[in-house]
Amino acid sequence: MPTPRPRRRPALPGPLNSEATNAGSPGAAAQPAAHPAEAPRSIDLALQGGGSHGAFTWGVLDALLEDGRLRIDGVSGTSAGAMNAAVMASGFAKGGALGARQALSRFWQDVSGVPACFGVVGAMGEAGKGDHPGASAGIPGPAPVEMPAWVYNRSAWPGYAAWDAWLRLWSPYQLNPFNLDPLRDIVRRHVDVDALREGPIQVFVTATSVRTGQPRVFSGEDLGIEALMASACLPHGAQTVVIDDEPFWDGGYSGNPALWPLVYGTRSDDVLLVQINPREHAGIPRTAAEIDDRINEITFNASLVAELRAIAFVQRLLRDRRVDPTRYKQMRLHRVADEDGLAPFGASSKLNTDPGLLTTLFGLGRLAGEKWLQTCSAKVGHESSVDIGEVFLANRVRTGGRGKKL
């Protein structure tokens, strides 16, 4: 079934002009930060998966990298989160924060099918004159065409339910026997495996073992293109990725994203979660598409909530001095999200790579990242800016008709 398109294809925010900013030179990593008077504080990032909604995370990362007040120590990512992490780390190893921003921009332009040079209208210093989502990031490009969110939700298209039901009668081995995967080619173009393994940002990528159902976290020498593809392997859409004779599916089933690698594998005590799967859903899902969307949201948040419950438990033990603080990490949690902004874009839009959608999501992510930087970044290194119990956990249980706070 043909994909409906906007009347004019908007360009994604283009990469910064490397000639004007010396981004391609060895000195690119020394670009001055937005807040040069402050010594960067260390932080880890936890990036959720969510297909095309990963463009929201791209916007958040762009804001963080441009701001310069935080030094990224490690990144744990799943699916689209893993792609963002790998591309960012590859770009950072070569060109610092500016190189990371450029790398992410080129990657998402490639995903959308828009040439990387499209939309570049001037130097970095001339950016910000337009009102497109990337203008505040210093990334020039034309303003996107405003489109209602339902246009990007495939479940809203006439005949989609029948088409999707028919597709589910067949496996990827039947529909794609030669295992053609354009995403693998895109990832190869934008991820430098050597830089990923040896660069200053540690990357942890989660995939789910088909055999055991348990997560496997790839890092260091184990991390490569196939690990990234395994982390993004939805079993109805792609053939199973086999690594070391072990079959893997999407990491979101077992860790979206996995937080424990950041507990044991990095020095930072602060973790910033970039969440793109909504926690709550208003009303009762009634159509088949709405039910599937909510099941998707619950499933891909379940493992994260379980880990956060364990972290909250350890935090309480440390607060009550019931465990040795030298043996346990007192994690400080932070969160960037825009549930209201992402709510109109259903789960089916995660499979849509229309440049208008990606541009819109990038803009939402930029705004969410900037808001967090303004309101919460000062707490990094000192205290959590989000209460795990209040935000993620049911903080009251019913006992004999009375609520008891956990």
Side-chain angles (χ1 to χ4, degrees), residues 1-4 47-57 77-84 86 107-108 110-113 152-157 159-191 205-211 213 215-216 225-243 246-257 276-277 288-289 291-303 345-354 357-358 361:
M1 183 175 66
T3 303
L47 310 181
Q48 276 200 322
S52 297
H53 290 198
F56 175 89
T57 303
T78 294
S79 196
M83 303 294 179
N84 275 319
F107 170 76
W108 282 101
D110 209 351
V111 169
S112 75
Y152 303 116
N153 295 332
R154 294 186 174 187
S155 59
W157 301 350
Y160 173 81
W163 175 253
D164 185 59
W166 182 84
L167 284 177
R168 288 180 179 271
L169 295 174
W170 313 93
S171 81
Y173 294 89
Q174 296 168 307
L175 293 175
N176 185 13
F178 297 106
N179 197 23
L180 303 177
D181 192 347
L183 180 60
R184 179 179 272 102
D185 296 331
I186 292 174
V187 172
R188 284 173 176 159
R189 286 196 290 270
H190 296 276
V191 173
V205 169
T206 304
T208 303
S209 168
V210 178
R211 181 177 59 85
R216 174 174 171 181
I225 301 300
E226 290 308 298
L228 294 170
M229 299 311 300
S231 184
C233 179
L234 290 171
H236 287 294
Q239 292 188 21
T240 302
V241 177
V242 179
I243 301 175
E246 185 77 12
F248 290 98
W249 283 343
D250 194 292
Y253 297 115
S254 58
N256 193 20
I276 55 179
N277 290 292
I291 292 170
D292 283 344
D293 281 3
R294 188 53 184 155
I295 290 173
N296 178 288
E297 292 165 358
I298 293 172
T299 301
F300 279 81
N301 272 336
S303 57
F345 303 96
S348 62
S349 68
K350 295 178 179 180
L351 303 177
N352 192 335
T353 58
D354 187 285
L357 172 63
L358 301 185
L361 295 173

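Each residue takes its place number in the sequence, starting with 1. Values in this document were obtained by computation on a predicted structure and should not be read as measured data.
A side-chain donor-acceptor contact under 3.5 Å links N301 to the backbone of N277. When atom types are taken as modelled, the side chain of S231 and the backbone of A207 share no donor-acceptor pair closer than 3.5 angstrom. Judged by distance alone, with hydrogens and angles left aside, the side-chain atoms of Y173 form a donor-acceptor pair with the main-chain N or O of T240 at under 3.5 Å.
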Original post:
Would T206 and F248 satisfy side-chain contact (heavy atoms from CB on, under 4.5 Å), going step by step from the backbone distance to the final call?
Top reply: CA-CA 10 Å; T206 304; F248 290 98; over 6 Å; no
Subject >> Worked verdict on S52 versus L358 for side-chain contact (heavy atoms from CB on, under 4.5 Å) >> reply: CA-CA 7 Å; S52 297; L358 301 185; 3.9 Å; yes
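No side-chain heavy atom of S112 sits less than 4.5 Å from a side-chain heavy atom of F107. M83 is not listed as a side-chain neighbour of V191, based on a closest heavy-atom distance of 4.5 Å or more. Looking only at side-chain heavy atoms (C-beta outward), Y253 and L234 come within less than 4.5 Å of each other. Between N84 and W108 there is a side-chain heavy-atom pair separated by less than 4.5 Å.
The line from NZ of K350 to CG of L357 is 12.0 Å long, rounded to the nearest 0.5 Å. In this structure, CG in L175 is found 12.0 Å from NE2 in H236, a value given to the nearest 0.5 Å. Remark: R294 CZ to T299 OG1 distance equals 10.0 Å, nearest 0.5 Å. Atoms CG and SG, from L183 and C233 in turn, are 10.5 Å apart once rounded to the nearest 0.5 Å.
Shown here for G50 and A80, the closest heavy-atom pair between the two residues is N-CB, 4.0 Å. Taking all atoms of both residues into account, the shortest heavy-atom contact from P172 to P235 is CG-O, 3.2 Å.
Between the side chains of D181 and Q239, no donor-acceptor pair of N or O atoms lies under 3.5 Å. Side-chain atoms of T78 and Q48 include no donor-acceptor pair closer than 3.5 Å. No hydrogens or angles considered: a donor-acceptor pair under 3.5 Å links the side chains of D250 and S79.
A salt bridge does not link R216 with E246: every distance from a Lys NZ or Arg NE/NH1/NH2 to an Asp or Glu carboxylate oxygen is 4.0 Å or more.
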